[in-house]
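Scroll down for the structure; my scribbles are underneath it.
Throughout, residue positions are numbered sequentially from 1 according to the sequence presented.
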Amino acid sequence: MVSRPLITVLGASGFIGSHVVAELAGRPVRLRAVARRPTVPAGLGHSVADVETRAVDLSRPGALAEAVAGSDAVVHLVAHLDGAGAWRAADGDSAAERLNTGLVQELADALRPTPATGRPPAVVLLASTATTTPEPTTGTGRPATTGLGPATTGLAPANAAPDPASTAPATPYERQKAAAERILADATAAGELCGVSLRLPTVFGPATAPAMDRGVVSAMARRALDGEPITMWHDGTVRRDLLYVQDAATAFTAALDHARTLAGRHWSVGSGHTTPLGDVFRALAATVASRTGGPPVPVRRVEPPAFASAADFRDVRTDPAPFGSATGWAPRVPLREALDRTVAALAGPHGKDLL
């Protein structure tokens with residue numbers, strides 16, 4: 001009898017992680033869900049997979065090696081969150097650097113094959129960010145003091161030489177993710193891993209308890225449900241690629257299925273479309289109003305806080321076509337439907353017709 005492959009998900013109780021676990025639970029695999037909290041991700045009651053849950057503090061020396069021991073594949077979704085639950089990292093933040101970069105090096109060391117095992121290199125999927133190599137700025141957010149170079153009135157021509165100031169990772173988080181990508185690529189080139197980095201844009205959608213989507217879409221939906229204005233730090237013309245969380249989860253399962261083809265590279269994953277955030281927020285306000293029965297809350301521009309970074313004022317685009325060609329993956333949920341699902345899940349006592 002052929003043994004089922006062991007797939008370990010690190011960060012299994014997180015926002016994306018819980019959805020990835022739910023997708024993998026429907027497969028004939030051994031599934032190890034690793035998280036700091038001793039919780040069982042929702043949706044595993046009728047699982048096809050053989051599911052094992054582990055509560056692990058990955059900051060403990062040796063804990064990561066124990067958590068991934070024997071794995072044929074690891075989906076690395078552990079993320080550093082600040083006290084407010086945000087992804088931001090400051091220069092010199094050793095805790096952020098360890099989780100975003102150091103943990104990937106530990107993973108590569110832990111999974112390095114030995115001749116005695118005779119096993120092929122383990123697959124490692126890394127959740128990275130689409131802003132690791134950002135698009136040229138449109139200049140529609142902050143003035144030129146953002147560190148992205150001179151403000152412009154439009155995107156650079158497709159054949160223009162990239163401006164190093166606009167293409168280099170601009171924030172500590174981006175630099176840490178870029179370093180993690182290099183670790184995986186180097187380990188793959190050395191034959192020690194089969195590493196794949198998926199660069200994700202803004203991911204949003206209903207959360208699987210106990211996870212919570214702390215991203216901007218859900219945060220603004222909660223404000224609207226409470227009758228508060230939706231706020232933005234710019235004039236609303238900053239464009240973003242928004243990816244529904246279920247589509248993000250299926251991207252990871254598609255990458256697992258085609259890991260040997262994808263190995264050693266980073267791949268953009270997204271909807272392939274951008275929308276001005278002002279339009280997104282106005283649609284969100286209208287969606288909330290249709291559920292609460294009240295008028296849409298206003299969408300207002302406010303001064304950005306001191307911790308705002310250059311990444312907050314850039315357009316973010318993805319080109320998922322190469323990934324789709326290699327794997328057959330494509331996003332399935334249109335933006336309007338995704339917004340409606342998100343608001344419905346968040347509505348709670350505010351809603352007229354709850355899911």
Exercise. Take V302 and M232 through the side chain to side chain contact (heavy atoms under 4.5 Å, CB included) test and state the conclusion after the steps.
Key: CA-CA 6 Å; V302 298; M232 54 188 178; over 6 Å; no
Quiz prompt | Derivation of the side chain to side chain contact (heavy atoms under 4.5 Å, CB included) call for H266 and V196 | solution = CA-CA 6 Å; H266 58 258; V196 180; over 6 Å; no
Practice problem: Go through S128 and E181 one step at a time and tell me if the side chain to side chain donor-acceptor pair (under 3.5 Å) criterion holds. | Solution: CA-CA 8 Å; S128 189; E181 289 183 1; 2.6 Å; yes
Practice problem: Kindly indicate, with the supporting measurements, whether the criterion side chain to side chain contact (heavy atoms under 4.5 Å, CB included) is fulfilled by V245 and F204. | Solution: CA-CA 5 Å; V245 66; F204 75 100; over 6 Å; no
Quiz prompt | Steps toward salt bridge (Lys or Arg N to Asp or Glu O under 4.0 Å) verdict (R36, D57) | solution = CA-CA 5 Å; R36 179 183 290 271; D57 178 4; 3.4 Å; yes
Exercise. Report the C-alpha distance between I16 and L200 in whole Å, list the side-chain angles of each, state the deciding distance to 0.1 Å, and finish with yes or no for side chain to side chain contact (heavy atoms under 4.5 Å, CB included).
Key: CA-CA 11 Å; I16 298 176; L200 303 174; 3.9 Å; yes
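Under a 3.5 Å cut-off, the side chain of N100 and the backbone N or O of E97 do not form any donor-acceptor pair. Counting only distance, with no hydrogens or angles, the side chain of R300 and the backbone of T231 share no donor-acceptor pair below 3.5 Å. Of the possible donor and acceptor atoms, one in the side chain of S18 sits under 3.5 Å from a partner among the backbone N and O of F15. Side-chain N or O atoms of R32 include one that pairs as donor or acceptor with a backbone N or O of A67 at under 3.5 Å.
Between W267 and S197, the side chains place no donor N or O within less than 3.5 Å of an acceptor N or O (distance only, hydrogens not considered). T131 and E174 share a donor-acceptor pair across their side chains, judged by distance under 3.5 Å alone.
Sorted by first and then second residue, the salt bridge (Lys or Arg N to Asp or Glu O under 4.0 Å) pairs with a member in residues 182-195 read R112-E192; sequence neighbours excluded. Counting only residues at least two apart or in different chains, salt bridge (Lys or Arg N to Asp or Glu O under 4.0 Å) contacts with residues 247-270 comprise R27-D257. Residue pairs that meet the salt bridge (Lys or Arg N to Asp or Glu O under 4.0 Å) test with at least one member in residues 267-283, sequence neighbours left out, are D279-R282.
The CZ atom of F313 sits 10.5 Å away from atom CG of D235, with the distance rounded to the nearest 0.5 Å. For the atom pair NE2 of H273 and CG of L242, the computed distance is 12.0 Å after rounding to the nearest 0.5 Å. Summarising the geometry, atom OH belonging to Y244 is positioned 7.5 Å from atom CD belonging to E337; distances are rounded to the nearest 0.5 Å. One finds the CZ atom of R314 at 8.0 Å from the CZ atom of R240 (value rounded to the nearest 0.5 Å). One distance of note links NE2 of H76 with CG of L99; it measures 7.5 Å at 0.5 Å rounding. With rounding to the nearest 0.5 angstrom, the CG atom of D72 is 7.5 Å from the OG atom of S3.
L6 and L111 fall into different hydrophobic clusters, where Ile, Leu, Val, Met, Phe, Trp and Tyr side chains are chained together by heavy-atom contacts under 4.5 Å.
Across every non-hydrogen atom of L198 and A251, the tightest pair is CD1-O, 4.0 Å. The two residues P320 and G272 make their nearest non-hydrogen contact at CD-CA, 3.6 Å. When every heavy atom of A285 is checked against every heavy atom of V297, the shortest pair comes out as CB-O, 3.6 Å. G270 and W329 make their closest contact through O-CH2, 3.4 Å (heavy atoms, listed as atom of the first residue, atom of the second, distance). Listed here is the closest heavy atom pair of V21 and A12: CG2-CB, 3.7 Å. For the pair A63 and V56, the tightest heavy-atom approach, listed with the atom from each and the gap, is CB-CG1, 3.8 Å.
L346 is listed as a side-chain neighbour of S218, based on a closest heavy-atom distance under 4.5 Å. Proximity of F252 to H19: side-chain heavy atoms (C-beta onward) are nowhere separated by under 4.5 Å. Residues H234 and L277 form a side-chain contact, since some pair of their non-hydrogen atoms from C-beta on lies under 4.5 Å apart. D241 has its side chain out of reach of T202: every pair of non-hydrogen atoms, C-beta onward, lies at least 4.5 Å apart. Proximity of I230 to P298: side-chain heavy atoms (C-beta onward) are nowhere separated by under 4.5 Å. Put simply, the side chain of T8 does not reach to within 4.5 Å of the side chain of V75, judged on heavy atoms. Taking 4.5 Å as the limit, some side-chain heavy atom of L262 sits within range of a side-chain heavy atom of T327. Inter-residue side-chain proximity for V9 and V34 is flagged as unmet; no heavy-atom pair is nearer than 4.5 Å.
A search for salt bridge (charged side-chain N to carboxylate O under 4.0 Å, His left out) contacts involving R60 returns E66, not counting sequence neighbours. Every residue meeting the side chain to side chain contact (heavy atoms under 4.5 Å, CB included) condition with A49, not counting sequence neighbours, appears here in chain and number order: V29, L31, S47, V51. R30 is linked by a side chain to side chain donor-acceptor pair (under 3.5 Å) to nothing, counting only residues two or more places apart in sequence or in another chain.
Ion pairing of R317 with D315 is present here, as a side-chain N (NZ or NE/NH1/NH2) and a carboxylate O approach within less than 4.0 Å. We find that R222 and E228 are not joined by a salt bridge, their nearest charged nitrogen and carboxylate oxygen being 4.0 Å or further apart.
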